[in-house]
Amino acid sequence: MNSFAYEGTGAPDGARRPVIGISAATTSIKVAIFDMEATFTPQQFIDRVAAAGCVPVLLPPLPGVEAAVRGLDGLLLLAGPDVDPASYSAPRHEKTAPIDPRRDAAELALLDAALRSRVPFLGICRGLQLLNVLRGGTLHQHLPDIVGHTGHSPGLREYGQQPVRLEPGSRIAKILDAERATVPCHHHQVIDRLGEGLAITAWSESDETVEAVEVADHPFAVAVQWHAEESDDDGPFLALAEAAGHAARARDSR
């Protein structure tokens, strides 16, 4: 994969390239000698979206950002901090990491707008958890308490390699062209009670934790618990680009 190659399948020759909104984070950074607040998205996500033939647009965690969905052909929600357990009416576990209520609110609003508008959506890690919470589901806040091991997140900067079983005929099985795969994981939270209208389409083979879900009545709304950006398989990003391309052409033809 070449960075910014624009060689993907998001748009046929001569068509405009689909616009994919990517959730961004705001934090304190240091640039040269200056300390400042900055909004950013890891470059690898921008590269993956661009290489799939789409135009990436960063979406800052601001009130009202969901209005941007009207100009998007697809939405990508990324990994990040733990979701505030107050959003699913649960007390905070001692292992729940520092939360970002501003980002939670902005991304839940973005996701709600995208699903209502039938905009194609791909969620990665936290993106899956937000989808479940939006649909009224809950999360296990510290997975090792449930499964008795740290295989899903073996170290601070390490990814666990999880064998997963995929639901035959599901979108994610078609995207990966497999019924089993080994995927890079780094998470300590996972779906507990499944949200309304969601279908589980992948499970960990080692402990049956949920590894992917899909919205049953949506043209393309897929979320994976693993870090798709750390895999050599571009399938999830290409599938989002293809769905966004269809959405762009349908909108432009109206």
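Applying the side-chain hydrogen bond (donor to acceptor under 3.5 Å, both in side chains) test to every pair with at least one member in residues 170-182, sequence neighbours left out, gives these pairs: Arg180-Glu205. Annotation: side-chain hydrogen bond (donor to acceptor under 3.5 Å, both in side chains) contacts involving residues 58-81, sequence neighbours excluded, comprise Arg16-Asp73, Asp73-Arg251.
The closest donor-acceptor contact from the side chain of Ser23 to the backbone of Glu107 lies at 3.5 Å or more, if one exists at all. Between the side chain of Ser87 and the main chain of Asp84, a donor-acceptor pair closer than 3.5 Å is present. Judged by distance alone, with hydrogens and angles left aside, the side-chain atoms of Thr96 form no donor-acceptor pair with the main-chain N or O of Arg92 at under 3.5 Å. Although no hydrogens or angles enter the test, the distance criterion places no donor-acceptor pair under 3.5 Å between the side chain of His140 and the main chain of His142. Panel note: side chain His152, backbone Gly160; no donor-acceptor pair is recorded below 3.5 Å. The main-chain N or O of Gln141 is found under 3.5 Å from a side-chain atom of Gln189 such that the two form a donor-acceptor pair.
Looking only at side-chain heavy atoms (C-beta outward), Leu75 and Leu240 stay at 4.5 Å or farther from each other. With contacts defined as side-chain heavy-atom distances shorter than 4.5 Å, the pair Ile172/Glu214 qualifies. Contact annotation: the side chain of His187 never approaches that of Ser153 to less than 4.5 Å [non-hydrogen atoms, C-beta and beyond]. No side-chain heavy atom of Val215 sits less than 4.5 Å from a side-chain heavy atom of Phe121.
Ion pairing between Glu208 and Arg165 holds under the 4.0 Å rule for side-chain N and carboxylate O.
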For Asp233 and Ser231, what are the C-alpha separation, side-chain angles and deciding distance, and is it a side chain to side chain donor-acceptor pair (under 3.5 Å)?
CA-CA 5 Å; Asp233 191 334; Ser231 170; 5.4 Å; no
Does the pair Asp100 and Arg126 meet the rule for a salt bridge (charged side-chain N to carboxylate O under 4.0 Å, His left out), with working shown?
CA-CA 12 Å; Asp100 186 347; Arg126 167 184 161 92; over 6 Å; no
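Surrounding CG of Asp35 are more than 12 heavy atoms belonging to other residues, nucleotides or ligands, all under 6.0 Å away. Heavy-atom contacts from other residues, nucleotides or ligands closer than 6.0 Å to CD of Glu37 number more than 12.
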